[in-house]
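A short write-up of the structure that comes next.
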Amino acid sequence: MEAAMRRLPPPAACALAALLLSGCAADYENYPSLARRPAERVTGVAEVAPPTVVPQPPAPPPSADLIARLGQLSDQAQAAHREFASRQARAAQLVAAAGGASVGSENWAQASVALADLESSRSQAMIALADLDELYAAERVAGGDAAAIAATRDRVIGWIGEEDQVLAGLRGRMAS
């Protein structure tokens, strides 16, 4: 057999040796199975560790500068809202007078200018809201308590929401 192995090329000799050796391992009872054993199976349930609660230190109260800035922005938005309210009745009259008027007519032009004045008043409140949004985002990123900013911001958003409803109604009447 040794002489036969010498005559074969190396890959063929390896294949022949593997075939001959596999016949030696035909006794399966003397060798352990490679199947998973019961001890190797994952059973049971591991308890989940309770979440670790790290107490947050209390946020410092808003600084005097922040309170002053919030007051200033709130006053700016409130002044814009009052100006909007003072112009609202006149704009409503002009829009009513322009009802059915053709685009470009005198009544339509006056109503359009009155709506632009209302939008200008609204934009002043929007500037204050943008500044409040900036303060709010900076405070949240810094991990501080933004409750005072949020309260002022919500109040300004409420005023702007009212103004948006008025403008939408007037624009709707202007279009028809």
Is there a chain of hydrophobic side chains (I, L, V, M, F, W, Y, each step under 4.5 Å between heavy atoms) that links Ile160 to Phe84? no
Between Arg173 (side chain only) and Ala96 (backbone N and O only), is there a donor and an acceptor less than 3.5 Å apart? no
Test log, rule side-chain contact (heavy atoms from CB on, under 4.5 Å), inputs Glu162 and His81: CA-CA 9 Å; Glu162 292 172 16; His81 187 64; 3.3 Å; yes
dist Ile67:CD1 -> Thr152:OG1 (nearest 0.5 Å) comes out at 9.5 Å
Residues Leu170 and Ala92: closest non-hydrogen pair is CD2-CA, 3.8 Å
Measuring from atom CG of Asp154 to atom CD1 of Ile149, what distance do you get when rounded to the nearest 0.5 angstrom? 11.5 Å
Taking atom CG of Leu129 and atom CZ of Arg155, what is their separation to the nearest 0.5 Å? 12.5 Å
With a 3.5 Å distance limit and no angle check, can you tell me whether Ser123 reaches the backbone of Ser120 through a side-chain donor-acceptor pair? yes
Is there a side-chain contact (heavy atoms from CB on, under 4.5 Å) between Leu70 and Leu135? Walk through the geometry before answering. CA-CA 9 Å; Leu70 291 177; Leu135 287 173; 4.3 Å; yes
Measure across Ala128 and Ala77 and return the closest heavy-atom pair with its distance rounded to 0.1 Å. CB-CB, 3.9 Å
So Leu94 and Leu115, do their side chains get closer than 4.5 Å, heavy atoms only? no
To the closest 0.5 Å, what do you measure between CG (Asp117) and CD (Gln88)? 13.5 Å
Rounded distance [0.5 Å steps], OG in Ser121 versus CG in Leu167: 9.5 Å
Short N-O contact, Arg69 and Asp131, less than 4.0 angstrom: yes
Please determine if Arg171 and Glu119 form a salt bridge, counting it only when a charged side-chain N lies under 4.0 Å from a carboxylate O. yes
Heavy-atom check, side chain of Gln78 versus side chain of Val156, under 4.5 Å: no
Test Arg153 against Leu73 for side-chain contact (heavy atoms from CB on, under 4.5 Å), laying out the working first. CA-CA 9 Å; Arg153 190 170 154 253; Leu73 292 172; over 6 Å; no
Nearest-0.5 Å distance that lies between atom CE in Met126 and atom CH2 in Trp159: 14.5 Å
Before you tell me yes or no, could you show the steps for Leu118 and Glu163 under side-chain contact (heavy atoms from CB on, under 4.5 Å), namely the whole-Å CA-CA distance, both residues' side-chain angles and the distance that decides it to 0.1 Å? CA-CA 8 Å; Leu118 284 178; Glu163 294 169 2; over 6 Å; no
